[in-house]
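Shown next, in structure tokens, is the structure this report addresses.
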Amino acid sequence: MSTARRIAAGAVGLGLILTGLSAAPAYAAPTEIQILATNDFHGRILNNTTNGEAGAAVLAGAVEQLRASNPNTVFAAAGDLIGASTFESFIQHDKPTIDALNAAGLEVSAVGNHELDQGYDDLVNRVMAPYDATTNPYGGAQWQYIAANLKMKATGDDAVPATWIKSFGDVQVGFVGAVTEELPSLVSPGGIADIAVEGIVESVNAEAADLVAEGADLVVMLVHEGAPTTNCTTMNAPGTTWGDIVNNISPDVDAIVSGHTHLAYNCSFPVSAWAGRAVTDRPVVSAGQYGTNLNQLVYTVDGTTGVVSAKTQAILPLENSSNVALYPADPVVAQIAADAKAAADVLGAQPLGQIGGAFNRAKLANGTTENRGGESTLGNLVAEVQRWATETPESGAAEIAFMNPGGLREDMVGTGTDPYPRTLTYKQAAVVQPFANTLVNMQLTGAQIKTVLEQQWQPRDSLNRLLTRPFLRLGVSQGFEYTYTERTAIEYPLDNPATPDVNESLTPYEARYGTVTGMWLNGVPIDPAASYSVTVNSFLGTGGDNFFEFANGTDKRDTGKIDLNAMVDYMAVFGGTTPLPVDYEQHAVQVEFQGGAPATYLPGATVAFDVKSWAMSTAADVKDASLVVSLGDTVLGTFPVDNTIGTAPYDNYGTASVSVQLPAGAPVGATELTLTGAATGTSIAVPITIAKAVSTVTATAPSVIKQKKETAPISVVVASTGPQPTGTVQAVIDGEVVDSAQLVGGKAELEVGPFAKGTVDVEVRYLGDAVTDGDTTEVSIEVTGSGKGGK
């Protein structure tokens with residue numbers, strides 16, 4: 001074992017003094033240590049001939065060829081090797097991937113979030129446990145999973161080993177693992193209920209120091225967290241999750257091998273504490289995804305002193321630009337993959353029924369990048385399937401169901417390229433929902449449902465930073481719809497979570513907050529105090545994806561029904577004889593009244609607001625060219641819809657500006673404008689309140705009349721803040737109506753008298769009409785003598 005590098009130089013010098021040797025000792029020859037790394041493999045065991053996914057056999061062959069040229073090699077990974085896999089692997093519980101990576105000689109990997117899709121117990125007692133044909137037929141990973149920041153809540157002990165060491169003669173290579181701090185929102189919280197997820201930087205730094213103290217000459221960090229960009233000049237921005245890792249991991253760590261964001265990058269950053277060393281920069285790398293590349297790091301290490309004298313780093317593609325393999329396929333792994341495909345072909349070929357069109361996930365402007373912030377036909381379909389599967393009393397009599405977008409891994413497009421309808425196979429349904437979640441039914445109040453929907457705007461981390469996916473649009477079942485508003489604010493990350501002040505030198509970002517303004521079930525407003533039967537998958541049921549309110553549901557029951565089986569049953573009923581149609585109706589629409597909009601409107605007034613999220617954001621989905629605004633049966637206007645799709649991961653696409661004039665005879669009180677789209681079938685209510693107009697009565701009468709002979713004509717004019725008033729005006733004296741008339745053009749004539757001598761006060765009343773409030777005024781008339789004198 002070599003001397004730990006922190007004390008190596010001093011120890012060698014001290015040894016010369018103590019022994020009095022006149023000649024330098026013999027040094028071991030420098031050793032070249034090669035680290036090969038992959039990440040986010042996700043069970044891509046087959047060669048995909050179109051996108052650079054070479055498959056497990058070529059991956060294994062590449063490792064073997066590179067190891068043959070340098071036996072001092074470690075094959076490592078940064079997590080997500082299994083889970084969210086292709087059908088060939090996942091239908092067999094990822095056993096083919098485990099076998100393939102075993103055969104490829106994988107030695108160590110960070111735990112990824114998808115390694116915990118089925119929970120901690122599954123990882124430890126199936127995946128990591130030895131294979132046994134009877135007791136553990138789907139497990140047996142021979143590599144070591146590590147994660148320094150996963151601890152048992154009860155004891156503080158490591159949930160899995162934090163580190164792993166391999167020796168090459170006099171050189172020791174230590175590995176320290178970590179998983180994203182967002183883990184509790186990425187897997188079912190119930191599956192990791194006993195696990196605490198601690199800070200990456202603090203955990204890794206502590207374990208790296210221990211590795212060095214134990215004699216490690218090289219320390220490699222394997223972390224299932226990654227850069228949000230491939231731009232090496234910006235990925236270490238202060239105040240960001242990844243910047244915090246790159247900047248603050250201790251100098252004990254020689255390399256950072258990462259994953260999670262599925263991006264390929266080969267960067268390096270200077271480490272100030274390494275000044276004077278032959279190597280002063282630290283590699284920060286990721287191989288992308290799905291086995292398209294390998295990261296290669298080669299260090300030259302002195303076996304006696306542990307000094308690193310040289311370093312090279314590269315990304316090695318496994319196929320060329322023509323999708324031709326650059327390395328030979330390993331025959332053993334090739335057979336594992338072929339056997340898996342053969343088994344999956346049999347299991348997956350079963351037809352489930354026909355679909356009338358593609359059920360898509362939401363996409364960004366490029367048409368391929370998934371937008372988990374957008375409403376989708378697929379998300380709404382799966383939610384409806386889950387509501388239908390649990391609508392019977394014994395399953396909870398579900399009224400509403402919700403589906404998380406991250407649970408949808410592929411579009412549902414059917415077999416072949418023929419025009420629709422197409423056949424949907426078991427395999428095609430299975431790759432959409434590969435997690436085998438059960439369906440959980442619960443009771444939520446209307447107020448809780450509102451809270452759930454507002455949790456779509458995701459929380460920030462402890463440093464006030466946006467999460468990787470700041471907004472997640474839930475799929476919702478048929479009959480449920482809602483409107484919302486959104487506000488934005490420019491905010492800054494915190495430079496220190498213990499300090500409430502923000503450091504405005506950090507990079508600002510636009511934070512968004514949403515408020516649900518209306519919810520309806522089958523056209524009936526949701527009552528905040530009433531209780532509703534709601535179904536979600538088991539991932540959401542314990543608060544997954546930060547939808548914490550689901551964990552507070554009452555009368556919760558796990559129905560035992562599997563999400564995929566629910567789809568199989570649904571297709572048999574609704575797609576078995578006629579193709580299942582695609583529902584393009586929007587269930588969530590943003591309605592924004594501008595600042596200064598009145599709380600109530602008068603008949604005849606103008607109502608203006610902006611509409612967003614009117615369109616499914618996949619380009620191929622049916623869209624409305626315009627939307628119609630109605631009040632009851634009266635169409636108030638038609639407005640164009642801009643269906644341009646953007647690049648932000650939100651649901652703001654499909655926009656319109658509405659401005660309508662209410663009818664003069666619009667009914668007073670709480671009412672709804674209805675927005676409809678002919679092509680999509682979208683119909684959304686916009687509640688407004690119409691108040692009666694305020695009236696003003698003006699009365700004109702002669703100031704003096706003679707007693708007992710003359711009457712007084714009163715001219716009445718009624719004005720209004722709304723339509724021209726109609727109805728009745730009255731003259732009232734001492735509480736008695738003495739004359740009345742109907743308004744014509746807002747005017748009427750009254751007549752009072754004759755009177756005895758004195759002063760007469762006449763109250764002139766307007767009684768109001770259906771849309772106008774009443775008003776009163778008063779006139780005084782002086783009644784004088786006859787002018788003839790007395791006897």
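A quick note: this is a predicted structure, and the numbers were derived from the prediction, not measured. All heavy atoms count here, side chains included; hydrogens, waters and symmetry mates do not.
You'll find the side chain of W242 reaches within 4.5 Å of the side chain of V284, heavy atoms only. Residues Q455 and E549 are in side-chain contact: their nearest non-hydrogen atoms beyond the backbone lie under 4.5 Å apart. At least one side-chain heavy atom of L81 sits under 4.5 Å from a side-chain heavy atom of W143. Side-chain contact check for M442 versus T554: every heavy-atom pair is 4.5 Å or farther apart. For the pair V253 and V220, the minimum side-chain heavy-atom distance is 4.5 Å or more. By the 4.5 Å heavy-atom criterion applied to side chains, S258 and S286 are counted as neighbours. Side-chain contact between M221 and I245 is present, with at least one heavy-atom pair separated by less than 4.5 Å.
Rounded to the nearest 0.5 angstrom, H93 NE2 and K95 NZ are separated by 12.0 Å. In this structure, the separation between CG on L408 and CZ on F435 is 9.0 Å, given to the nearest 0.5 Å. Note that CG of L218 is 12.0 Å distant from CD1 of I165, once rounded to the nearest 0.5 Å. With rounding to the nearest 0.5 Å, the separation of CD in E207 from CG in D252 is 12.0 Å.
Salt bridge D254/R282: absent, no basic N to carboxylate O contact under 4.0 Å. One finds a salt bridge joining R361 and D411 here, because a Lys/Arg side-chain nitrogen approaches an Asp/Glu carboxylate oxygen to under 4.0 Å. Under 4.0 Å is where a charged nitrogen must lie from a carboxylate oxygen, and between E107 and K166 at least one such pair does.
Looking at N546 and Q458, their side chains do bring a donor and an acceptor atom within 3.5 Å of each other. Side chains of Q313 and N266: a donor on one and an acceptor on the other come within 3.5 Å. Residues N231 and T229 bring no donor and acceptor atom of their side chains to less than 3.5 Å of each other. A donor and an acceptor atom, one from each side chain of Q34 and T73, are located under 3.5 Å apart. A donor-acceptor contact under 3.5 angstrom links the side chains of N537 and N404, judged on distance only.
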Should V536 and Q386 be marked as a side chain to side chain contact (heavy atoms under 4.5 Å, CB included) after you check the CA-CA gap, both sets of side-chain angles, and the distance that decides it?
CA-CA 7 Å; V536 296; Q386 296 180 1; 5.7 Å; no

Where do Q144 and M128 land on the side chain to side chain contact (heavy atoms under 4.5 Å, CB included) test, with the steps shown first?
CA-CA 8 Å; Q144 181 64 65; M128 294 173 62; 3.8 Å; yes

Start with the C-alpha distance between D210 and T163, add both sets of side-chain angles, then the distance that settles side chain to side chain contact (heavy atoms under 4.5 Å, CB included), and finish with yes or no.
CA-CA 9 Å; D210 287 347; T163 60; over 6 Å; no

Side chain to side chain donor-acceptor pair (under 3.5 Å) for H224 and N113? Distances and angles first, verdict last.
CA-CA 8 Å; H224 193 69; N113 55 284; 3.0 Å; yes

Evaluation steps, side chain to side chain contact (heavy atoms under 4.5 Å, CB included), between L222 and W164
CA-CA 11 Å; L222 303 176; W164 182 81; over 6 Å; no

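D281 meets the side-chain contact (heavy atoms from CB on, under 4.5 Å) test with S268, V279, K311; sequence neighbours excluded. F547 meets the ring pair (Phe, Tyr, Trp, His ring centres under 6.0 Å) test with no other residue; sequence neighbours excluded. Listed by chain and residue number, F87 satisfy the ring pair (Phe, Tyr, Trp, His ring centres under 6.0 Å) test with F90 (two or more places apart in sequence, or in another chain). Judged as a side-chain hydrogen bond (donor to acceptor under 3.5 Å, both in side chains), and not counting sequence neighbours, the contacts of D94 are S85, S89. Residues that satisfy the side-chain contact (heavy atoms from CB on, under 4.5 Å) test with A398, not counting sequence neighbours, are R387, T390, N441, S533, T535. Looking at residues two or more places apart in sequence or on another chain, you find a side-chain contact (heavy atoms from CB on, under 4.5 Å) between A588 and E375, R473, Y482, Y484.
No donor-acceptor pair under 3.5 Å is formed between the side chain of Q296 and the backbone N or O of I35. A donor-acceptor pair under 3.5 Å is formed between the side chain of K556 and the backbone N or O of F550. Judged purely by atom type and a 3.5 angstrom limit, D80 has no side-chain atom pairing as donor or acceptor with the backbone of D40. For the pair Y145 (side chain) and G112 (backbone), a donor-acceptor distance under 3.5 Å is absent. Side-chain N or O atoms of T542 include none that pairs as donor or acceptor with a backbone N or O of A551 at under 3.5 Å.
For Y513 and W457, the ring centers are positioned 6.0 Å apart or more.
The side-chain tip of R512 points at the ring of Y650 from less than 6.0 angstrom away and within 45° of straight on.
Tested against F41, the residues L59, I82, L106 include a single side chain to side chain contact (heavy atoms under 4.5 Å, CB included) partner, L59.
Ring-plane geometry between Y290 and H262 is classed as perpendicular, the angle between the planes exceeding 60 degrees on a 0 to 90 degree scale with a lower cut at 30.
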